[in-house]
Amino acid sequence: MNRTKLLFALLAVVPANQVLAAATDWTEVAPGAQLRAISAGAANDGKALVGLELTLEPGLNTYWHVPGETGVPTMVFATASGDAVLSEILWPLPERDSSQGFVDYVYRDELVLPIHVEAAIDAPLQLDVLMGICSDICVPVRATLNLQGDKGPDVVNGLRLRQALAETPVPFANSDPPLRDIVLDPETGALSVAYDPARIEPARVFPSFDGHAAVYSEPEVDASATRMTFSLLVREGDVSWQQSPLRLSFATPDGPYDIVLPAVGR
């Protein structure tokens with residue numbers, strides 16, 4: 001059963017008095033792009049769990065936390081009861097798009113970005129959003145979304161957020177990682193990674209350096225189909241980014257994962 005059918009199947013068995021409107025109105029942030037905020041109460045760690053829900057008409061896209069060569073990353077600034085609070089976007093795996101001659105990491109169609117906010121779930125919450133909405137050109141857009149304090153569980157939006165969390169990488173904890181023997185060339189910035197072809201599709205591996213905007217190419221696979229190499233397309237002015245943690249986000253048949261390594265540069 002696909003996710004849309006699953007959503008409607010679950011809605012059919014949810015009593016109406018348990019479904020609360022923990023969402024803002026839709027806002028048109030660009031032609032063909034609608035945005036709203038949703039909430040589902042508290043996450044397992046006690047933080048408020050909210051999300052940005054975006055619908056995009058065909059031909060439009062927005063971006064991952066590393067947007068690529070041409071994009072604009074989404075940023076969210078949260079305020080609870082008038083005070084700034086920490087927030088963290090949890091990023092589902094993107095698509096790699098090179099259709100315009102550049103490599104970008106994008107989302108299309110419908111998207112929910114889960115956000116952990118360090119605020120009480122019953123506090124009024126304001127989200128100030130900056131994001132890129134792009135087709136042939138990229139347009140930065142801003143929106144201010146106000147969620148009232150939660151009055152109870154919202155089953156429908158809780159389902160949407162759980163679906164988005166299921167598409168968001170979690171730390172890989174198994175002792176047998178499908179990605180290994182990771183080598184960074186300090187001169188060119190190229191990244192070479194051995195992989196298990198039974199568990200990994202190279203096109204669904206996304207390297208990034210925490211806190212930096214280094215952009216990598218699509219991977220080139222060697223003749224043995226067990227090692228892939230990413231060329232560096234966009235680098236920062238010096239090589240300090242090589243000393244930051246390397247994050248490999250990837251899809252497996254069991255779901256998406258992250259492997260985070262300490263500095264691999266030298």
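Not measured: the values here are computed from a predicted model.
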Name each donor-acceptor pair under 3.5 Å that joins a side chain in residues 226-234 to protein atoms two or more places apart or in another chain, with its distance.
from: Thr226; atom 1: OG1; to: Ser224; atom 2: OG; distance (Å): 2.6
from: Arg227; atom 1: NH1; to: Asp181; atom 2: O; distance (Å): 3.4
from: Arg227; atom 1: NH1; to: Ser192; atom 2: OG; distance (Å): 2.6
from: Arg227; atom 1: NH2; to: Asp181; atom 2: O; distance (Å): 3.4
from: Arg227; atom 1: NH2; to: Asp181; atom 2: OD2; distance (Å): 2.3

* Start with the C-alpha distance between Ser249 and Trp64, add both sets of side-chain angles, then the distance that settles side chain to side chain contact (heavy atoms under 4.5 Å, CB included), and finish with yes or no. => CA-CA 12 Å; Ser249 303; Trp64 194 43; 4.1 Å; yes

* To do: Determine which pairs satisfy salt bridge (Lys or Arg N to Asp or Glu O under 4.0 Å) with at least one residue from residues 65-76, sequence neighbours left out, and list them in order.
  => none

* Asked: Is there a side-chain contact between Pro94 and Phe206, using heavy atoms and a 4.5 Å cut-off?
  -> yes

* Asked: Is it true that Leu127 and Val141 fall in one hydrophobic cluster, defined by side-chain heavy atoms closer than 4.5 Å?
  -> yes

* Asked: So Gln163 and Leu165, side chain to side chain contact (heavy atoms under 4.5 Å, CB included) or not? Walk me through it.
  -> CA-CA 5 Å; Gln163 289 174 330; Leu165 288 172; over 6 Å; no

* Asked: Is Leu246 reachable from Val170 through a run of I, L, V, M, F, W or Y residues, each pair having side-chain heavy atoms under 4.5 Å apart?
  -> yes

* Structure fact -> Nearest heavy-atom approach of Val72 to Cys138 is CG2-SG, 3.8 Å

* Does the side chain of Met131 reach to within under 4.5 Å of the side chain of Val139, using non-hydrogen atoms? -> no

* Remaining members of hydrophobic cluster (4.5 Å side-chain criterion), Leu86 -> none

* Which pair of heavy atoms, one from Leu60 and one from Pro31, lies closest together, and at what distance? -> CD1-O, 3.4 Å

* Would you give the length of the straight line joining atom CG of Leu159 to atom CG of Leu161, rounded to the nearest 0.5 angstrom? => 9.0 Å

* Is there a chain of hydrophobic side chains (I, L, V, M, F, W, Y, each step under 4.5 Å between heavy atoms) that links Val193 to Leu261? -> yes

* Taking only residues two or more places apart in sequence, or in another chain, which ones meet Ile89 in a side-chain contact (heavy atoms from CB on, under 4.5 Å)? -> Thr74, Val76, Trp91, Leu113, Ile115

* same_hphob_cluster(Val50, Leu52) at 4.5 Å side-chain heavy-atom cutoff -> yes

* Would you check if Val117 and Leu125 make a side-chain contact, meaning some heavy-atom pair closer than 4.5 Å? => yes

* How about Pro73 and Tyr63: do any of their side-chain heavy atoms sit closer than 4.5 Å? -> no

* Looking at CD of Glu167 and CG of Leu111, how far apart are the two atoms once the value is rounded to the nearest 0.5 Å? -> 9.0 Å

* **Spacing of Asn174 atom CG and Arg199 atom CZ [to the nearest 0.5 Å]** => 7.0 Å

* **Whichever hydrophobic residues join Phe102 through chains of side-chain contacts under 4.5 Å** => none

* **Least distance between heavy atoms, Tyr257 atom then Pro171 atom** => CD2-O, 3.9 Å

* Asked: What are the two closest heavy atoms between Leu93 and Pro256, and how far apart are they?
  -> CD1-CB, 3.7 Å

* Hey, does Tyr216 have a side-chain heavy atom less than 4.5 Å from the side chain of Val103? -> no

* Asked: Sub-3.5 Å donor-acceptor pair from the side chain of Asp258 to the main-chain atoms of Val260, do we have one?
  -> no

* Within residues 89-104 or reaching into it, pairs that qualify as salt bridge (Lys or Arg N to Asp or Glu O under 4.0 Å) - sequence neighbours excluded -> Glu95-Arg108, Asp97-Arg108

* To do: Sequence neighbours left out, what pairs pass salt bridge (Lys or Arg N to Asp or Glu O under 4.0 Å) with at least one residue falling in residues 207-225?
  => Asp210-Arg247

* Glu201 side, atom CD; Phe250 side, atom CZ - distance, nearest 0.5 Å -> 13.5 Å

* **Interatomic spacing from CG in Asn61 to CD1 in Ile133 - rounded to 0.5 Å** => 8.0 Å

* Inter- and intrachain pairs under salt bridge (Lys or Arg N to Asp or Glu O under 4.0 Å), touching residues 50-59, at least two apart -> Arg36-Glu53, Glu53-Arg160

* Asked: Side-chain contact, heavy-atom cut-off 4.5 Å: Ile200 with Leu179?
  -> yes

* Decide side chain to side chain contact (heavy atoms under 4.5 Å, CB included) for Leu191 and Val183; before the verdict, give the C-alpha distance in whole Å, the side-chain angles of both, and the deciding distance to 0.1 Å. => CA-CA 6 Å; Leu191 190 66; Val183 179; over 6 Å; no

* Got Asp109 and Thr55 here, is their nearest side-chain heavy-atom distance under 4.5 Å? -> no

* Asked: Taking the side chain as C-beta and beyond, is there a heavy-atom pair between Arg204 and Thr252 under 4.5 Å?
  -> no

* With sequence neighbours excluded, residues passing side-chain contact (heavy atoms from CB on, under 4.5 Å) with Asp128 -> Phe77, Gln126, Thr144

* For Asp25, what residues pass the salt bridge (charged side-chain N to carboxylate O under 4.0 Å, His left out) criterion, not counting sequence neighbours? -> none

* **Cluster check Val106, Val129: I/L/V/M/F/W/Y, side chain < 4.5 angstrom** => no

* To do: Identify the heavy atoms of Pro219 and Ala203 that sit nearest to each other, and give their distance.
  => CG-N, 4.3 Å

* Of all the heavy-atom pairs spanning Ala214 and Phe209, show the shortest one and how long it is. => CB-CD1, 4.4 Å

* **Set of residues satisfying ring-ring contact (aromatic ring centres under 6.0 Å, His included) with respect to Tyr107, sequence neighbours excluded** => none

* Asked: Step by step, would you call Val29 with Gln34 a side chain to side chain contact (heavy atoms under 4.5 Å, CB included)?
  -> CA-CA 6 Å; Val29 291; Gln34 300 279 332; over 6 Å; no

* **Partner residues of Thr62 under the side chain to side chain donor-acceptor pair (under 3.5 Å) criterion, sequence neighbours left out** => none

